[in-house]
Amino acid sequence: MSTLIAVVLFVGVIAYALFGGADFGAGFWDLTAGGRRRGHRTRELINSSVSPVWEANHTWLVFCLVTIWTGFPQAFTAITTTLYLPLGLAALGIVARGAGFAFRHALADHPLERISGVTFALSSVLTPFFFGTVAGGIASGRVPSAGHGNPLTSWLNPTSFLGGGLAITVCAYLAAVFLTGQARRDAHTAMEEAFRRRALGAGIFAGVVAVAGVFVLHADSPRLFRRLSGVGAPLLIISALLLLRRGRPLVVRTLAAIAVAAVVAGWGVAQYPYLLGTHLTIGEGAAPTATLWVLFVVSCVAAALIVPSLFLLYTLQLRRRLG
């Protein structure tokens with residue numbers, strides 16, 4: 001049962017990486033769109049794509065938090081008492097991003113509109129970076145089972161920086177792929193071609209970061225490197241093969257999602273059976289069996305309610321049925 005709950009937790013992580021990642025990545029392209037006149041059409045496309053869904057995407061983050069503090073309370077305590085700085089900065093980034101995005105709409109043609117836009121864009125880049133450093137700190141074994149690890153070196157290290165950099169590039173790649181499809185549906189041929197080139201460039205850069213990461217992990221996280229070279233390698237190879245695929249928008253979006261899911265799943269497979277690096281297994285950190293059963297039932301009920309609702313939301317958005 002503890003392994004099953006761990007799988008449920010990681011499904012939530014993958015879902016947040018996909019939907020929240022595409023959301024954050026849109027902010028990256030907003031940040032790099034250029035000045036007010038040059039970036040106007042890009043930002044209009046981003047606004048129309050993100051507005052209906054940006055709050056709903058954080059549902060997966062809430063789901064992950066509830067699952068880990070209920071199903072694996074020791075791991076939750078260890079993570080939050082060690083990595084509280086990047087977690088706090090990520091939470092601040094989410095709040096600042098939401099405020100910036102909302103006020104940018106409310107302050108249209110106002111001098112403060114630019115400040116709101118910059119807040120939204122910068123927060124969209126920094127938030128996934130901090131989440132990536134958290135993942136790197138956990139994967140590299142810098143979070144002790146008892147918690148209260150070093151508040152700086154636990155996330156200011158090569159593996160964490162690799163995680164942060166990879167998070168930004170993957171988010172940018174996902175967003176470019178989805179925005180390409182959005183531009184095509186809106187019949188913006190120039191924007192469609194522009195985001196197709198951005199998707200290709202982001203995919204190539206993500207591949208470069210991943211290759212460089214091999215050497216980083218070999219030096220800084222030997223066990224994670226060995227596991228990724230073994231059980232996790234097939235998933236990473238699949239992601240590399242799919243990352244640059246071109247074709248019909250629906251096919252490309254699906255393959256892009258599979259590629260990113262494979263990268264995240266590769267981390268989970270490589271870390272198994274540990275929750276924290278190499279010193280707290282899933283079984284050791286799990287809550288009592290009765291609690292896990294209740295959590296599993298609640299997760300199934302939540303999935304039955306949330307997944308169809310989100311599917312309907314995304315479908316209506318893709319069909320331009322939302323105002």
Side-chain angles (χ1 to χ4, degrees), residues 16-58 61 89-132 164-186 188-206 209 249 253 256 260 314 317-318 320 322:
Y16 189 58
L18 291 175
F19 298 105
D23 212 0
F24 289 128
F28 175 87
W29 298 118
D30 188 296
L31 183 66
T32 58
R36 185 187 184 95
R37 180 176 298 178
R38 179 185 171 190
H40 176 68
R41 292 188 66 185
T42 298
R43 293 189 175 97
E44 274 194 339
L45 180 66
I46 291 171
N47 285 343
S48 64
S49 301
V50 172
S51 292
V53 300
W54 67 277
E55 292 176 293
N57 290 330
H58 292 304
L61 177 60
L89 291 170
L92 178 62
I94 291 174
V95 174
R97 180 180 185 274
F101 190 69
F103 280 112
R104 180 164 72 173
H105 289 279
L107 298 172
D109 300 322
H110 189 279
L112 293 177
E113 178 189 4
R114 184 175 181 83
I115 296 177
S116 299
V118 170
T119 300
F120 161 72
L122 279 176
S123 300
S124 297
V125 174
L126 293 176
T127 301
F129 173 79
F130 289 125
F131 278 133
L166 193 59
I168 293 174
T169 55
V170 166
C171 288
Y173 169 69
L174 271 176
V177 170
F178 286 114
L179 287 170
T180 299
Q182 192 70 56
R184 181 170 183 169
R185 284 186 295 275
D186 293 346
H188 292 328
T189 305
M191 292 299 299
E192 178 186 355
E193 184 57 32
F195 273 105
R196 182 178 286 112
R197 291 195 301 268
R198 290 170 183 173
L200 181 62
I204 292 173
F205 192 76
V209 172
R253 286 198 304 271
V260 174
Y314 297 140
Q317 166 63 2
L318 291 175
R320 284 302 202 214
L322 300 174

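All values derive from a computational prediction rather than experimental measurement.
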- Query: Sequence neighbours excluded, which residues qualify as ring pair (Phe, Tyr, Trp, His ring centres under 6.0 Å) partners of F120?
  - Reply: F101
- Hey, are the side chains of L179 and S49 touching, using non-hydrogen atoms and a 4.5 Å cut-off? yes
- Query: Can you name the side-chain contact (heavy atoms from CB on, under 4.5 Å) partners of Y16, sequence neighbours left out?
  - Reply: F24, H58, W60, L61, I94, F131
- Item | From NE2 (H188) to OG1 (T42), nearest 0.5 Å | 10.5 Å
- Note on the structure: Heavy atoms of G25 and A175 approach each other most closely as C-CB, 3.2 Å
- Nearest heavy-atom neighbours spanning C171 and G21: CB-O, 3.3 Å
- Item | Any donor-acceptor N/O pair, T169 side chain to L166 backbone, under 3.5 Å | yes
- Flag the pair R196 and E193 as a salt bridge only when some basic side-chain nitrogen lies within less than 4.0 angstrom of an acidic carboxylate oxygen. yes
- side-chain contact (heavy atoms from CB on, under 4.5 Å) involving A176 - partner list, sequence neighbours excluded: W29, F195, R198, A199
- Task: Report the residues that fulfil salt bridge (charged side-chain N to carboxylate O under 4.0 Å, His left out) with R43, sequence neighbours left out, ordered by chain and then residue number.
- Result: D30
- Message: Just verifying a value: how many Å separate L126 CG and L89 CG, rounded to the nearest 0.5 Å?
- Response: 8.5 Å
- A26 and V50 have their tightest heavy-atom pair at CB-CG2, 3.7 Å
- Message: Do N57 and Y314 have side chains that approach each other closer than 4.5 Å (heavy atoms only, starting at C-beta)?
- Response: yes
- Check side-chain contact (heavy atoms from CB on, under 4.5 Å) between T119 and all other residues, then give those that pass, not counting sequence neighbours. A96, I115, S123
- Closest contact, heavy atoms only, A167 versus G132: CB-CA, 4.3 Å
- Closest non-hydrogen atoms of G165 and F129, given as atom of the first, atom of the second and distance, are N-CD1, 4.1 Å
- Item | Point-to-point distance, once rounded to the nearest 0.5 Å, from CZ of R185 to OG1 of T180 | 10.0 Å
- Message: Tell me every residue that passes salt bridge (charged side-chain N to carboxylate O under 4.0 Å, His left out) with D23, counting only those two or more places apart in sequence or in another chain.
- Response: R97
